[in-house]
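Scroll down for the structure; my scribbles are underneath it.
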Amino acid sequence: MDTELLLPRVAYFSMEMALEPGMGTYSGGLGVLAGDHMRSAADLAMPIVGVTMLSRQGYFRQTIEAGAQVEHDATWDPSQYARRLPAKVRVTIRGREVWVGGWKHMVGSHCEDSKAVPVILLDTDLPENDAEDRKLTSVLYGGDETYRLCQEIVLGIGGVRMLAALGYQIQKYHMNEGHAALLTLELLRERVAAGESRDKAVMGVQAHCVFTTHTPVPAGHDQFDYPLATACLGPIVKDLNLPELAGKERLNMTHLALRLSNWVNGVAKRHAEVSRTMFPGYQVHAITNGIHPWTWASDAHRKLFDQHVPHWCHEPELLLHAERIPAGELTAAHREAKQALIGLLQRSGGKRLETDRFTIGFARRMTDYKRPSLLFSDMERLLAIAKKYPIQVALAGKAHPRDELGKRHIARLHEWAKELGDRIPIVFVPNYGVEAGRLLVSGVDLWLNTPQRPLEASGTSGMKAALNGVPSLSILDGWWLEGCEEGITGWAIGEDGPHDDALDSKALYDKLEKVVLPLYYENPEGWLAVMRGAITKNGAFFNSHRMVRRYMLEAYSR
Ligand SMILES: *Cc1c(COP(=O)(O)O)cnc(C)c1O
């Protein structure tokens with residue numbers, strides 16, 4: 001008998017999940033967080049099962065041609081990473097029966113006392129299905145609104161049925177963002193079909209659901225018109241009176257998930273506050289995100305921590321003892337990580353960066369609110385600073401294929417790189433993903449983040465940098481409001497307040513010129529102290545072990 005089926009489990013649903021670098025099941029931060037959630041759950045031997053989409057064609061592979069993003073198919077081979085399951089379930093979508101199959105991938109661990117945890121990848125590419133339906137699990141965040149809604153039906157409703165068909169006993173359903181919210185409809189339908197009144201069924205479902213929201217602006221929430229919802233979902237929209245649960249005007253996935261969960265959280269303290277004002281009447285808790293320590297430490301830092309902080313992998317809180325790592329070894333590990341990054345840049349055909357030059361890293365989804373152009377907003381000032389203190393910049397990031405503004409940012413960054421030439425060497429690493437990400441966060445000297453407040457719900461890349469002793473220079477938003485100790489773990493750009501591009505730009509240059517760069521070039525010991533602070537204060541705390549332990553205790557067990 002499969003021991004996975006003996007214990008009741010938490011089912012963790014996410015549209016995307018970064019499981020292995022070669023698996024195209026993620027696009028960015030949300031997926032990386034979901035993958036880290038599963039990896040920490042495995043390290044801590046938690047009873048959990050993940051549910052996500054197979055996304056056989058992935059998100060997309062990015063190359064840069066003539067300074068512009070080009071998107072390529074990113075088809076991958078599931079049989080290299082997962083085992084096809086014999087179970088199949090049926091879901092009615094757009095009036096057609098769609099068969100949903102599954103693959104099982106096991107998430108392993110590098111820690112003692114760990115236990116691999118399963119993730120089920122949903123797949124509609126089955127010969128029984130209509131040609132159009134076979135593509136429903138192909139492209140992550142692809143297609144139009146209808147495609148998206150159909151995908152969410154596969155994830156939510158198909159996912160619940162698949163878990164049941166496989167024999168899992170599920171104690172809690174955790175929705176990582178609103179994409180999975182339709183799972184609540186399936187749970188409701190089951191209860192009503194078993195004879196419960198709708199109101200009683202609503203309470204029953206709430207007791208089994210946990211929802212994590214990630215989007216601090218109303219426009220960011222998935223919404224669908226009711227005629228489209230009815231066309232895709234069928235009579236259940238009316239039978240369960242969906243408008244009463246999910247919004248009168250439109251089917252709002254966030255509203256549905258909020259309404260049917262008895263435990264809801266935002267992903268940082270500020271984000272929870274913002275969410276409370278956005279959703280009056282709901283108690284929104286805060287569990288600040290974290291990153292998976294082993295996954296995000298560079299090769300050199302893994303060795304360093306193994307030697308000086310035994311058991312850090314299972315208990316990353318122990319990284320507070322990084323205080324005792326000899327200065328020479330900490331510097332050497334950073335140099336090794338920097339060399340590894342420079343090696344990657346050379347392989348990708350970019351400019352050669354210099355080991356001794358101060359390196360600023362900025363890598364994230366290329367989208368307007370992250371303000372990738374802020375560092376270059378006053379070229380004269382930037383050049384004047386670079387004359388005094390040499391700098392170089394490593395950039396990376398994908399823009400969603402339909403995000404024209406994001407693509408324009410990529411093009412502009414390339415124009416500036418050309419214009420600046422050797423005065424400020426700039427390299428853009430194509431196809432940002434977890435592999436390039438690990439080299440970037442550990443190989444630069446400073447991690448820059450310039451989001452428009454309060455749109456950075458949490459942000460996690462700065463946590464990855466901190467674990468590797470790379471301090472952040474960041475706008476006070478998301479996790480940085482909790483992680484920033486000025487001059488100890490890194491630095492703030494400006495104050496906590498409403499966003500203002502001009503003020504933020506000036507604050508960024510001031511801090512670079514007057515505080516960060518002089519410390520790096522003129523006070524190596526002082527710089528090393530900040531590197532240590534990043535590890536002992538941020539690395540020890542902002543990890544996904546703490547995060548999943550909190551979910552376990554505060555969300556899953558009530
Ligand atoms: C960590 C990570 C992100 C999220 O970083 P943010 O700081 O939230 O922007 C996105 N993409 C990849 C590949 C990552 O590794």
Side-chain angles (χ1 to χ4, degrees), residues 14 16-37 39 58-62 74 140-141 176-177 212 214-216 220 266-268 270-271 288-298 341 344 361-372 374 394-400 403 406 409 429-444 446-452 454-468 470-484 490 538-539 542-544 547:
S14 184
E16 52 170 314
M17 222 177 260
L19 297 166
E20 293 282 340
M23 295 174 75
T25 48
Y26 75 100
S27 86
L30 185 73
V32 170
L33 179 81
D36 283 356
H37 195 106
R39 284 182 276 276
Y59 182 49
F60 69 90
R61 184 173 61 81
Q62 178 199 54
L140 179 60
Y141 302 132
N176 185 42
E177 187 57 313
T212 302
H214 290 264
T215 318
V267 290
R270 173 63 53 87
H271 175 237
T288 302
N289 282 164
I291 52 111
H292 185 250
W294 195 88
T295 298
W296 293 106
S298 79
L341 173 63
L344 165 82
F362 182 99
R364 43 188 43 86
R365 187 155 52 92
M366 286 291 162
T367 190
D368 201 46
Y369 89 81
K370 302 259 194 188
R371 293 190 294 180
L374 199 73
L395 302 168
K398 292 178 177 177
H400 186 278
D403 182 357
H409 278 295
V429 185
N431 205 33
Y432 182 44
V434 292
E435 276 177 308
R438 189 164 72 98
L439 292 171
L440 278 160
V441 294
S442 59
V444 299
L446 180 76
W447 196 250
L448 178 70
N449 193 15
T450 52
Q452 194 177 312
L455 301 186
E456 185 85 324
S458 165
T460 52
S461 56
M463 302 173 183
K464 302 168 193 165
L467 176 74
N468 291 286
V470 172
S472 281
L473 171 61
S474 173
I475 294 285
L476 286 170
D477 196 12
W479 84 281
W480 196 232
L481 279 162
E482 297 161 53
C484 178
N538 287 343
F542 293 97
N543 56 70
S544 47
M547 178 182 80

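Note that ligands are numbered from 1 as they come in the structure, with each ligand's atoms numbered from 1 the same way.
Between Leu440 and Trp447, the closest side-chain pair of non-hydrogen atoms falls below 4.5 Å.
The distance from atom CG of Leu341 to atom OG of Ser298, rounded to the nearest 0.5 Å, is 11.0 Å. Annotation: the span from Trp294 atom CH2 to Ser544 atom OG amounts to 13.5 Å, rounded to 0.5 Å. Distance OG1/Thr25 to CG/Leu19: 4.5 Å, rounded to 0.5 Å. To the nearest 0.5 angstrom, Leu30 atom CG is 9.5 Å from Arg365 atom CZ. Put simply, CZ on Arg270 and OG on Ser458 are 13.0 Å apart, with the number rounded to the nearest 0.5 Å.
Annotation: atom 14 (C) of ligand 1 to nearest protein heavy atom, Lys464 NZ, 2.9 Å. Ranking the protein heavy atoms by distance from atom 11 (N) of ligand 1 puts Tyr432 CE2, 3.5 Å first. Ranking the protein heavy atoms by distance from atom 7 (O) of ligand 1 puts Ser461 OG, 2.6 Å first. Ranking protein heavy atoms by distance to atom 10 (C) of ligand 1, first place goes to Gly29 N, 3.3 Å.
Those atoms of ligand 1 that come under 4.0 Å of a heavy atom in Gly459, given as number and element, are 7 (O), 8 (O). Every atom of ligand 1 with a heavy atom of Thr460 under 4.0 Å away is listed here by number and element: 1 (C), 4 (C), 5 (O), 6 (P), 7 (O), 8 (O). Residue Arg364 approaches ligand 1 through these ligand atoms, each under 4.0 Å from one of its heavy atoms: 7 (O), 9 (O). Listed by number with element, the atoms of ligand 1 under 4.0 angstrom from any heavy atom of Lys370 are 6 (P), 8 (O), 9 (O). Below 4.0 Å from some heavy atom of Gly433 lie the following atoms of ligand 1, by number and element: 13 (C).
Remark: distances from the non-hydrogen atoms of Arg365 to ligand 1 are all 4.0 Å or more. Remark: distances from the non-hydrogen atoms of Gly437 to ligand 1 are all 4.0 Å or more. For Trp296, the heavy-atom gap to ligand 1 drops under 4.0 angstrom.
On a distance-only criterion, Ser27 and ligand 1 share no N/O pair closer than 3.5 Å.
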>> Set out, in order, the CA-CA distance, both residues' side-chain angles and the distance that settles side chain to side chain donor-acceptor pair (under 3.5 Å) for Ser442 and Asn468, then state yes or no.
In response: CA-CA 5 Å; Ser442 59; Asn468 291 286; 4.7 Å; no
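In Val32, the part holding a heavy atom less than 4.0 Å from any atom of ligand 1 is the side chain.
Using modelled atom types and a 3.5 Å distance limit, the side chains of Glu177 and Thr215 yield a donor-acceptor pair.
Ring geometry for Tyr59 versus His400: interplanar angle of 30 to 60°, hence tilted.
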